[in-house]
Number of protein chains: 2
Amino acid sequence: MSGIKETSTNYANKQALADECAEAYAANIIGGQWALVICSWLLHGKLRFGELKKLLPNITERMLTLQLRKLEASHIVKRTVYAEVPPRVEYELTAIGYELKPIIKGLEEWGEKHKLIAF
Amino acid sequence: MSGIKETSTNYANKQALADECAEAYAANIIGGQWALVICSWLLHGKLRFGELKKLLPNITERMLTLQLRKLEASHIVKRTVYAEVPPRVEYELTAIGYELKPIIKGLEEWGEKHKLIAF
DNA sequence: GACATTACTTACATTTTTTATAGTACCATA
DNA sequence: TATGGTACTATAAAAAATGTAAGTAATGTC
């Protein structure tokens, strides 16, 4: 992934789990505080960096960059840079990224349902 | 959740996200390194602490306890203690926990598919 | 020449999660 | 009296994730 230490037990555990459990593998990829929500917004269509930032009011630019980079590295979002000034960069889901749609919807519905039960 | 600092920005962000995004809310609940895999095993039926430990070879007892406690607090697993010596404790999914099944399956399928693409 | 805009980057601090290691209570059996 | 099994708990440390604050490049407009 990004700066994770390849000598740590944690790294070894993640690898082992991901190897034998595709759902753990998937969770590693779309895990992280903002990844799912970013994908959720991108399901509606392309968005620029600044637009995403507005949609996720409390995210810092650093976190947004990190998450987008991670999603890009996982082939879930595609990044397009336009050679303009000021710069314009657009993010959109790839095909495999778009296939997260039913999962995100599922989580959404499950979450709504769970909220009712939990309180 | 567990030991998270209610004065931190991170806490505030998580709350805010969970409030407006049910999928982020859900992700908070089933997030964590082992939670999904534990649920995945429990989809097959009740399991004892020691059995889960064997199924997740590298997990420490502490992590297993923490994750189970978190899942219990979220009403996703039910814990039953039998007054025996040596002790016997069984874990099983609740109704709402069981409803994670299609999501877990979805993640599993998506993960398999993603593995093919990513390499 | 100063300023605004956009999408970042960098260095550093803090918080959260995960791992490591050792111990506990209970009682039955040897 | 010692040992073993089960499901934990306590404490510390390491690692990972997230947040804070400042700075950068390019160029068009004032």
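So that the names make sense, note that chain A is the first sequence line, chain B the second, and so on, each numbered from 1.
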Next item on the list: With DNA chain D as reference, determine whether A:Lys5 or B:Val81 sits nearer its 5' end, using the nearest nucleotide of each.
Entry: B:Val81
At under 4.0 Å between heavy atoms, what does [X] touch on the DNA or RNA strands: base, sugar-phosphate, or nothing?
X: A:Ser8; value: sugar-phosphate
X: A:Gln67; value: sugar-phosphate
X: B:Tyr82; value: nothing

Margin query: The side chain of A:Gln33 is closest to which nucleotide in this list: D:dT9, C:dA7, D:dT18?
Written below: D:dT18
Notebook entry, point to check: Counting side-chain heavy atoms from CB outward, which of C:dT17, D:dT9, C:dA7 is closest to B:Lys14?
Noted result: C:dT17
Check: Are the side chain of B:His114 and the backbone of A:Ser74 linked by a donor-acceptor contact shorter than 3.5 Å?
Finding: yes
Check: Please give, in whole Å, the distance from D:dT9 C1' to B:Phe49 CZ?
Finding: 11 Å
Checklist line | Atom pair distance, as rounded to whole Å: CE in B:Met63 and P in D:dA15 | finding: 16 Å
Sort out for me which residue in [options] forms a side chain to side chain contact (heavy atoms under 4.5 Å, CB included) with [X].
X: B:Leu47; options: B:Leu42, B:Ile38, B:Val89; result: B:Leu42
X: B:Trp41; options: B:Leu56, B:Leu36, B:Leu93; result: B:Leu56
X: A:Arg62; options: A:Thr60, A:Leu64, A:Thr65; result: A:Thr60

Next item on the list: For C:dT19, take OP1 and OP2 only and decide whether either is under 4.0 Å from a side-chain N or O of A:Asn10.
Entry: yes
Margin query: Within the 4.0 Å limit for protein heavy atoms, which parts of nucleotides 20-30 of chain C are touched? Write it as a string from 5' to 3', B for base, S for sugar-phosphate only, - for none.
Written below: B-----BB---
Note to self: If you assign A:Arg48 and B:Gly32 each to the DNA chain C nucleotide with the nearest heavy atom, which residue ends up on the more 5' nucleotide?
What the structure shows: A:Arg48
